[in-house]
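What follows is one structure encoded as structure tokens, with my remarks underneath.
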Amino acid sequence: MGLTRVSQRICFLLPSLNHAPCKHHNLATSEEVTFQDMQNRQVTERKAGYAKLLGACVHARKYNFEWIWIDSCCINKESSMELSAEAINSMYGYYGDSEVCYVYLADASSAEDPRDVQSGFRTSRWFKRGWTLQELLAPRYIVFLGKDWEEIGTRWSLWDAISALTRIPSRVFKYGDMTRYSIAQKMSWAAFRETTRPEDQAYCLMGLFGVNMAPLYGEGSVKAFMCLQQEIIKVSDDRSIFAWTARTGEKGTRGLFAKSPFEFRMSGEVAASETDTIDEKSSYTFANNGLHIHLPLEEVSDLPVDDSHNDDVNDDQGLFLASLHCQFKKDDSYLSIYLRKINGQQYIHCHADKLGLTSAPPAPNSLQDLVVKENNHIPSFTRRQERDAEELVVSVKLSGTVTRNRLVYNGSPDIEGLSTFSVKKRGSLSLKYGVRGTSSTLQTRFVLKLLHAQGNLLSLKVADGYHYPRRGLSDYFDWEHPELADTIVHPSWNGDLVSFRYQNTGKCTEKIIEMIYLSQGDALTALKRELTPPAGDFIVPTEPSEFDYYSASLQRISSLDFLGMDCGPDRKYLSFQASTFRILTYTASWRRTHSFLLDFEELYRGCIYLFVGKSLRLRVRNGIWPPI
């Protein structure tokens, strides 16, 4: 494993030190600077990726870092031992131990509003790649940089936009809490992500689930993903790992393991299984004849005879619903899978493209066995343990001439624009500032309170007029968890804003607070509405093929959708806010004039009405409409 020294831009084989990982994105593989290139500076400087490497080092030095870790040139990818044992299995820990992770987006600009539906931030490929999921979740602090190396925002300040882009609940970014989410939910976060190597669909998730396994490139994505699930069930008895759905219309029988993260695409609202309510054995093991598990079975007869099972399946054997003890959060229904008995105690998984929903939990078993649970505790935004320093050195920087002219520290202007303070262990420090008007009189006052939290962390609070705490703007600051807030925007009485940005440095005991005064025009740009989760959503076909009378192709959607995404070559994801609708325009050719009613099941059951005319218009809404 290599670390690049910022001052000399050369590579050393060293153990992990305080460093800042930097992710480069959107560069052809042949132009990336590799570990081998770093041995020859002339070769390195000829590559297009050298400018990015240099820019990353310059930015890191700006905040007093001595070491930077960049995966493209700090991993010897020609060494199979380093690539597997050190790099892949240790990468989640590397990001978690970092002081800060800088994400450089070459396809995004800091001048754009990242919450704009047409912004480069929204369309950046970084949010679509498999390996970047752990890069997004593992570090405690993440700063996004645009192609001009200027800051777009932090993970905390952009939590709503990132949540909308990734379908990861906002609590993960606001509170740093991943322990409450089920295996199925975490798998759903990777459902639409892509990797260059098919096996990496599994390997990129090892850190997220706290498991290790030896990568074996060439084994194929399905086998690699099955191995990942086998490792997960060794340390977790959360049965939501079986709450997946195959592609619509898929034929053939299945086991209990999914083929890929894509099959968890509809599992974002599946809660963890309630294994404490199972009277008898909740553990399960994988052997050469399948997965050994205890499941409550209920025979059903409301489905047609399964035409997807193998020829050796006896149709006289029963079809059963097997409860997973998991609930669907939106309506608290219980999830079940379909099993068909083949002989004795052996079953197969059928109707794998469906999940059964029941309103009542399964009946408890009368027998009980003692099972010792092995919980997989994955710390949120994990980092190494450090001794608390006796004091933190905090540099408060007034950025820009306007800021230095308008902000007054402790009754006198700060001409230099940089002041240094110390905060004792478990102590706090209150800094009094005033905002000076055009007539040089103080118009308003506020107090910036710095608190030395556990783990050498610094948390910020703002108070008005030297007296009462103030939340600032609720869109930007969560008062319940100030230790996670790295950006605070404080309003002034005249409509201006004062922005506070917290920065880690290369030394864990030194912090930087950047203060920026924003006049009304800039303030309006800074105040963006908070993106909210959709009230409903659908997956719709781009080229419906279910009808014999016509062929159709999706041409246009009525309005752009921040959450909209492609779900494979022939599907499109659409979302709805409350009391809204979306109009989809299809072009079609058919042999006679008539209308159809299309009833489909993807994320929800809904109706699509097709209106005949020069073009085919589909109007989609959550729920069942009465016939027209």
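Keep in mind that this is a model prediction, so the values were computed, not measured.
For Glu194, the CD atom is loosely surrounded, since the number of other residues' heavy atoms within 6.0 Å does not exceed 12.
Counting heavy atoms from C-beta on, the side chains of Tyr175 and Arg180 never come closer than 4.5 Å. For the pair Tyr347/Arg340, no side-chain contact is recorded, criterion being any heavy-atom separation below 4.5 Å from C-beta on. When side chains are defined from C-beta on, Asp160 does not count as touching Ser170, because their heavy atoms never get closer than 4.5 Å. In this structure, Arg122 and Val117 have side chains that are in contact, with non-hydrogen atoms separated by less than 4.5 Å. By the 4.5 Å heavy-atom criterion applied to side chains, Trp69 and Met91 are counted as neighbours. Counting only heavy atoms from C-beta outward, the side chains of Glu263 and Glu250 approach each other to under 4.5 Å. With a 4.5 Å cut-off on side-chain heavy atoms, Ser240 and Ser273 do not count as touching. When side chains are defined from C-beta on, Tyr573 counts as touching Pro534, because their heavy atoms get closer than 4.5 Å.
Note that the NZ atom of Lys341 and the SG atom of Cys350 stand 14.0 Å from one another [nearest 0.5 Å]. Distance check: Leu355 CG to Ser333 OG gives 10.0 Å after rounding to the nearest 0.5 Å. Residue Phe144 holds its CZ atom at 9.0 Å from OG of Ser157, rounded to the nearest 0.5 Å. To the nearest 0.5 Å, atoms CZ (Phe262) and OG (Ser188) are separated by 12.5 Å. Taking NZ of Lys128 as the reference point, atom OG1 of Thr166 lies at 11.5 Å (rounded to 0.5 Å). Within the model, atoms CD1 of Ile342 and CD1 of Ile348 stand 6.0 Å from one another, a figure rounded to the nearest 0.5 Å.
Annotation: salt bridge (charged side-chain N to carboxylate O under 4.0 Å, His left out) contacts of Glu199 (sequence neighbours excluded): none. Checked against side chain to side chain donor-acceptor pair (under 3.5 Å), Lys572 has the following partners two or more places apart in sequence or in another chain: Asp566.
Between Ile293 and the choices Leu256, Asp237, Ile233, the side chain to side chain contact (heavy atoms under 4.5 Å, CB included) rule is met once, by Leu256. Leu321 pairs in a side chain to side chain contact (heavy atoms under 4.5 Å, CB included) with only one of the listed residues (Ser336, Pro362, Pro296), which is Ser336.
Between the Trp189 side chain and the Gln185 main chain, a donor and an acceptor come within less than 3.5 Å of each other. One N or O on the side chain of Asn504 and one on the backbone of Glu99 form a donor-acceptor pair closer than 3.5 Å. Formation of a donor-acceptor pair under 3.5 Å by the Ser267 side chain with backbone atoms of Ala243 is found in this model.
With respect to Lys47 and Asp37, a salt bridge is recorded, a charged nitrogen being found less than 4.0 Å from a carboxylate O. A salt bridge does not link Arg155 to Glu135: none of the charged side-chain nitrogens sits closer than 4.0 Å to a carboxylate oxygen. With salt bridges taken as basic N to acidic carboxylate O contacts below 4.0 Å, none links Glu274 and Arg239.
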Take Met213 and Tyr203, measure what side chain to side chain contact (heavy atoms under 4.5 Å, CB included) needs, and give me the verdict at the end. CA-CA 8 Å; Met213 61 185 193; Tyr203 302 156; 3.6 Å; yes
Stepwise ring-ring contact (aromatic ring centres under 6.0 Å, His included) test for His325 and Tyr334: CA-CA 7 Å; His325 293 89; Tyr334 289 83; 8.1 Å; no
Stepwise side chain to side chain contact (heavy atoms under 4.5 Å, CB included) check, Phe209 with Met187: CA-CA 10 Å; Phe209 292 103; Met187 287 290 190; 3.8 Å; yes
Which is it for Lys186 and Leu208 under the side chain to side chain contact (heavy atoms under 4.5 Å, CB included) test, yes or no, and what are the steps along the way? CA-CA 8 Å; Lys186 293 177 182 178; Leu208 180 60; 4.1 Å; yes
Would you sort out whether Leu105 and Leu145 count as a side chain to side chain contact (heavy atoms under 4.5 Å, CB included), showing the intermediate values? CA-CA 6 Å; Leu105 304 178; Leu145 304 173; over 6 Å; no
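Of the N and O atoms on the side chains of Thr132 and Arg193, at least one donor lies less than 3.5 Å from an acceptor on the other residue. Side-chain atoms of Asp107 and Ser124 form a donor-acceptor pair, as typed in the model, at a separation below 3.5 Å. Counting only N and O atoms by type, the side chains of Thr196 and Arg129 include a donor and acceptor under 3.5 Å apart.
Closest heavy-atom contact between Ser236 and Ile183: OG-CD1, 3.6 Å. For Met38 against Cys73, the heavy-atom pair with the smallest separation is CG-CB, 3.9 Å. Ile152 and Ala108 make their closest contact through CD1-CB, 3.9 Å (heavy atoms, listed as atom of the first residue, atom of the second, distance). Pairing each heavy atom of Arg167 with each of Arg265, the nearest pair is NH2-O, 2.8 Å. Across every non-hydrogen atom of Leu136 and Ile142, the tightest pair is O-CD1, 3.3 Å. Looking at every heavy atom in both residues, Val211 comes nearest to Val235 through CG1-CG2, 4.1 Å.
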Which donor-acceptor pairs under 3.5 Å do side chains of residues 225-232 form with protein atoms, sequence neighbours excluded?
unit_1: Gln229; atom_1: OE1; unit_2: Ala258; atom_2: N; d: 3.0
unit_1: Gln229; atom_1: NE2; unit_2: Phe225; atom_2: O; d: 3.1
unit_1: Gln229; atom_1: NE2; unit_2: Ala258; atom_2: O; d: 2.9
unit_1: Glu231; atom_1: OE2; unit_2: Lys234; atom_2: NZ; d: 3.1

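Ring orientation note: the planes of Phe257 and Phe242 are tilted relative to one another, at an angle of 30° to 60°.
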